[in-house]
Amino acid sequence: MEIMTGSCRFGLWHVHVAWKGDLVHHLRFAREGIDGPVPDVIRQYCAGKPVDPVSLRSIATAGDTVSAAIYRAVRSVPYGETATYGEIALRVGTSPRAVGGAMARNPTPLVVPCHRIVAQGGIGGFSPAVEIKEALLRMEARERGKGGLNRSSPHSF
DNA sequence: CCAGGCTTGGAGG
DNA sequence: CCTCCAAGCCTGG
């Protein structure tokens with residue numbers, strides 16, 4: 001099977017995905033859409049269903065680099081919940097700043113839910129636009145509130 | 001090698 | 001409460 005590319009809609013944005021089976025190679029938000037399929041989970045998630053794209057695999061978590069460890073830690077933050085840059089840093093054994101850097105270069109947002117990582121005193125940043133992060137967090141908070149997913153199960157580090 | 005980043009926490013006004 | 005500042009550390013160029 002070859003690597004597939006396609007996009008689906010999320011609000012005013014288009015989510016481009018390059019993937020093969022359950023492995024996502026690349027994912028990005030763009031203004032324009034492209035032809036082609038995206039994984040069902042991504043499509044459903046973007047449509048507002050409380051499914052977690054983390055169920056897919058990401059190339060970003062492979063290897064024993066610090067970044068890969070950061071991405072793996074970020075993947076353990078459940079749908080509808082958030083963690084701070086500092087908490088992830090503490091867990092991986094690096095600095096909050098390094099976590100921010102890794103999030104900024106995350107090749108597969110959603111699959112590695114970097115939008116769930118916020119600053120201690122605010123929402124933190126998001127490329128290419130922080131509005132996307134706000135929309136994703138609002139959507140997850142809303143869907144979680146509906147109770148379609150096991151809620152309020154505080155994950156401990 | 002070095003600038004710079006999606007951070008923090010502490011100091012000082 | 002708010003601004004300012006540097007410690008801290010990984011990575012692309």
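Everything numeric here is computed off the predicted structure, so don't read it as measured data. In what follows, chains are A, B, ... by sequence order, proteins preceding strands, each numbered from 1.
Checking B:dG9, B:dT8, B:dC6 against every side-chain atom of A:Gln120, the shortest atom distance belongs to B:dG9. Side-chain proximity of A:Arg97 to the nucleotides B:dC6, C:dT11, C:dG8 is greatest for C:dG8. Distances were taken from every side-chain heavy atom of A:Ser95 (C-beta onward) to each of C:dC9, B:dT8, C:dT11; the shortest belongs to C:dC9. For A:Tyr85, the side-chain atoms get nearest to B:dT8 when compared with the rest of C:dT11, B:dT8, B:dG5. Here B:dC6 is the nucleotide among B:dC6, C:dG12, C:dA7 with the atom lying nearest to any side-chain atom of A:Ser127.
Residue contacts shown for A:Ala104 include a base, since a base heavy atom lies under 4.0 Å away. Nucleic acid contact for A:Thr94: sugar-phosphate only, since backbone atoms but no base atoms lie under 4.0 Å from a heavy atom of the residue. Residue-level contact check: A:Gly86 touches the backbone only, with heavy atoms under 4.0 Å from sugar-phosphate atoms and none from bases.
Judged by Watson-Crick or G-U wobble contacts below 3.5 Å, the nucleotide C:dC2 has B:dG12 as its partner. Summarising the base pairing, C:dA7 is matched to B:dT7 through a Watson-Crick or G-U wobble pair whose two defining distances lie under 3.5 Å.
Taking atom CZ of A:Phe126 as the reference point, atom P of B:dG5 lies 18 Å away to the nearest angstrom. In this structure, A:Ile88 atom CD1 and C:dC9 atom C1' are separated by 16 Å, rounded to whole Å. When rounded to the nearest whole Å, the span between CD of A:Glu87 and C1' of B:dG9 equals 15 Å. When the P atom of B:dC6 is taken as reference, atom CG of A:Leu136 falls 17 Å away, rounded to whole Å. In this entry the distance linking CD1 of A:Ile70 with P of C:dC10 reads 8 Å, nearest Å. Look at CG on A:Asp64: it is 14 Å from C1' on C:dC10, rounded to the nearest Å. Atom pair A:Asn106:CG and C:dG12:P shows a separation of 13 Å (rounding to whole Å applied). Spacing between atom CD of A:Glu131 and atom C1' of B:dC6 amounts to 14 Å, rounded to whole angstrom units.
Taking side-chain N and O atoms only, A:Ser67 has a distance below 4.0 Å to OP1 or OP2 of C:dT11.
In this structure, A:Ile34 places its CD1 atom where more than 12 heavy-atom neighbours from other residues, nucleotides or ligands lie under 6.0 Å away.
Inspection of the A:Ser58 and A:Arg75 side chains reveals no N or O donor paired with an N or O acceptor under 3.5 Å.
A:Val118 and A:Leu90 fall into different hydrophobic clusters, where Ile, Leu, Val, Met, Phe, Trp and Tyr side chains are chained together by heavy-atom contacts under 4.5 Å.
Without hydrogens or angle criteria, A:Lys133 side chain to A:Ile117 main chain gives a donor-acceptor distance under 3.5 Å.
Between A:Trp13 and A:Ala30, the shortest heavy-atom contact is CE3-O, 3.6 Å.
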